Student: 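So that we are looking at the same thing, I have put the structure below in structure tokens.
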2 protein chains.
Amino acid sequence: MALDHAILVSLLEKPGSGYELARRFERSIGYFWTATHQQIYRVLKRMESEGLLAVRDVPQHGRPDKKEYSVAAPGRAALSLWLHEPIEPESMRHDLAVKIRGAAFDDPAALVREVERHHQVHSDRLAHYLAGELRDFTGPDAPAPLDAGQELQHVVLRGGIAYERMTIAWLDDVLATLHRLGAPPPSA
Amino acid sequence: MALDHAILVSLLEKPGSGYELARRFERSIGYFWTATHQQIYRVLKRMESEGLLAVRDVPQHGRPDKKEYSVAAPGRAALSLWLHEPIEPESMRHDLAVKIRGAAFDDPAALVREVERHHQVHSDRLAHYLAGELRDFTGPDAPAPLDAGQELQHVVLRGGIAYERMTIAWLDDVLATLHRLGAPPPSA
DNA sequence: TCTTGCTATGCAACTCGTTGCATAGACAAG
DNA sequence: CTTGTCTATGCAACGAGTTGCATAGCAAGA
């Protein structure tokens, strides 16, 4: 049920509509959580009916009306409860690793392109995170002394950056290994 | 549907029963994929009915009979197909990061224990992976020239090791940040 | 002997997440 | 004036994953 809590945190940071939340889930929150708009709308509706969220209809000019959600007192309490109970360290789900082990029963060289494609995606993400870090935390336009919330956002972002760097280095390792297998040592 | 393919790869590496697969998913395959026994039994049954797997009843002495599954020709073909089609780079799901950002609206110091607990779990996993690496790939008992399958298993394991190391370093960063917030600079 | 633990398989119910589709107003480009 | 894109919300169906429970034989130890 962590999507509920991710939404609570995001709405505490700033109230917004389902659509806005969906876009945040493609950006900052997307470092560590993903959700589609359908999921978000469904959960928002349920949480509102449970009294965890408050809705406000906001008419807009030049675009459709939106429903702005914010966290109600019971929502804040629910989040606090969750924050104080232990959670399981996450489990990995890495399709590419399945493919790499599977390549032993197929053509390893055929994987090179796929790995390179992933390398590109992760490089792009890294660049995007670094730009965000400069803009919000370490650049000249960032607030001079960060408050607690910003410090915590920054350390989470540093986690995303570390993850992308690690992944890129590993994909280099994978590529080197694939090339080594494709061209076995000529001296052997 | 990547569980299907993870099972195919595992059964190609070595045929086995649902129970054995479940235990592999707690060990080597668990570096990058998890599954419970219920999930595995259900998928095995489905894949067998689809003709992707073959079953063989193996009577055992001193313990219940088991059903040993192995990959049939259509299963191998299905895996090959999947290996040649591109997959999306994975998305993260990191509950702890949600908690860290949520801590801004609660007591950041209360998170220290939780983060330390995760630190311990990841340190244990790292030690476990390193022991496995020494045993299977880099130690004196490891096969002298690794074949392609072993090379690929090794590079996947190196990915798991890199992931744990990165995570541990990040959790240190998180702890330092939490301590900094708990004890703001006395000179300020 | 009774309990605990391991091997071994499975059902049923539920929640979570994905995919495809639908609606609808506003605006910009062709 | 039509097509495409962006904001904005939503349903329905399906597939994936989790949780609780049930069974059953065998072995080891209290």
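From a predicted model like this one, the values you see are computed outputs, not experimental measurements.
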Student: Name all residues meeting the side chain to side chain contact (heavy atoms under 4.5 Å, CB included) criterion together with Asp107(B); count only those two or more places apart in sequence or in a different chain, and write none if there are none.
Tutor: Ala109(B), Ala110(B)
Student: Think Gln60(A) has a side-chain N or O under 4.0 angstrom from the OP1 or OP2 of dA8(D)?
Tutor: yes
Student: Judged by modelled atom types alone, do Arg125(A) and Thr167(A) share a side-chain donor-acceptor pair under 3.5 Å?
Tutor: no
Student: From CD of Gln39(A) over to P of dG15(D), roughly how many Å is that when rounded to an integer?
Tutor: 17 Å
Student: Is Gln38(B) touching bases, backbone alone, or none of the nucleic acid, heavy atoms closer than 4.0 Å?
Tutor: base
Student: Rounded to the Å, how far apart are Glu68(A) CD and dT7(D) C1'?
Tutor: 15 Å
Student: Would you mind reading off the distance between Asp95(A) atom CG and dG17(D) atom P, rounded to a whole angstrom?
Tutor: 10 Å
Student: Spell out, as yes or no, whether a donor-acceptor pair under 3.5 Å connects the side chain of Arg117(A) to the backbone of Ile87(B).
Tutor: yes
Student: OP1, OP2 of dG17(D) versus side-chain N and O of Arg42(B): anything below 4.0 Å?
Tutor: no
Student: Go through DNA chain C in 5' to 3' direction and return only the first and the last nucleotide with some atom under 4.0 Å of chain B's heavy atoms.
Tutor: dT7(C) to dG17(C)
Student: With distance as the sole test, does Arg24(A) use its side chain to make a donor-acceptor pair with the main-chain N or O of Ser10(A) at under 3.5 Å?
Tutor: yes
Student: Does a side-chain N-to-carboxylate-O contact under 4.0 Å join Glu20(A) and Lys66(A)?
Tutor: yes
Student: Starting at OH of Tyr41(A) and ending at P of dT7(D), how long is that distance when rounded to a whole Å?
Tutor: 11 Å
Student: Hey, which of these two, Ser17(B) or Arg93(B), hits DNA chain C nearer its 5' end, going by closest nucleotide?
Tutor: Ser17(B)
Student: When the side chains of residues 92-102 of chain B are checked against the rest of the protein, which donor-acceptor pairs come out under 3.5 Å, sequence neighbours left out?
Tutor:
from	atom 1	to	atom 2	distance (Å)
Arg93(B)	NE	Thr34(A)	OG1	3.4
Arg93(B)	NH2	Thr34(A)	O	3.0
Arg93(B)	NH2	Thr34(A)	OG1	3.2
Lys99(B)	NZ	Trp82(A)	O	3.4
Lys99(B)	NZ	Leu83(A)	O	3.4
Lys99(B)	NZ	Glu85(A)	O	2.4
Lys99(B)	NZ	Glu114(B)	OE2	3.3
Arg101(B)	NE	Glu13(A)	OE2	3.1
Arg101(B)	NH2	Glu13(A)	OE1	2.8

Student: For Lys66(A) and dC6(D), give me the distance from atom NZ to atom P, rounded to whole Å.
Tutor: 18 Å
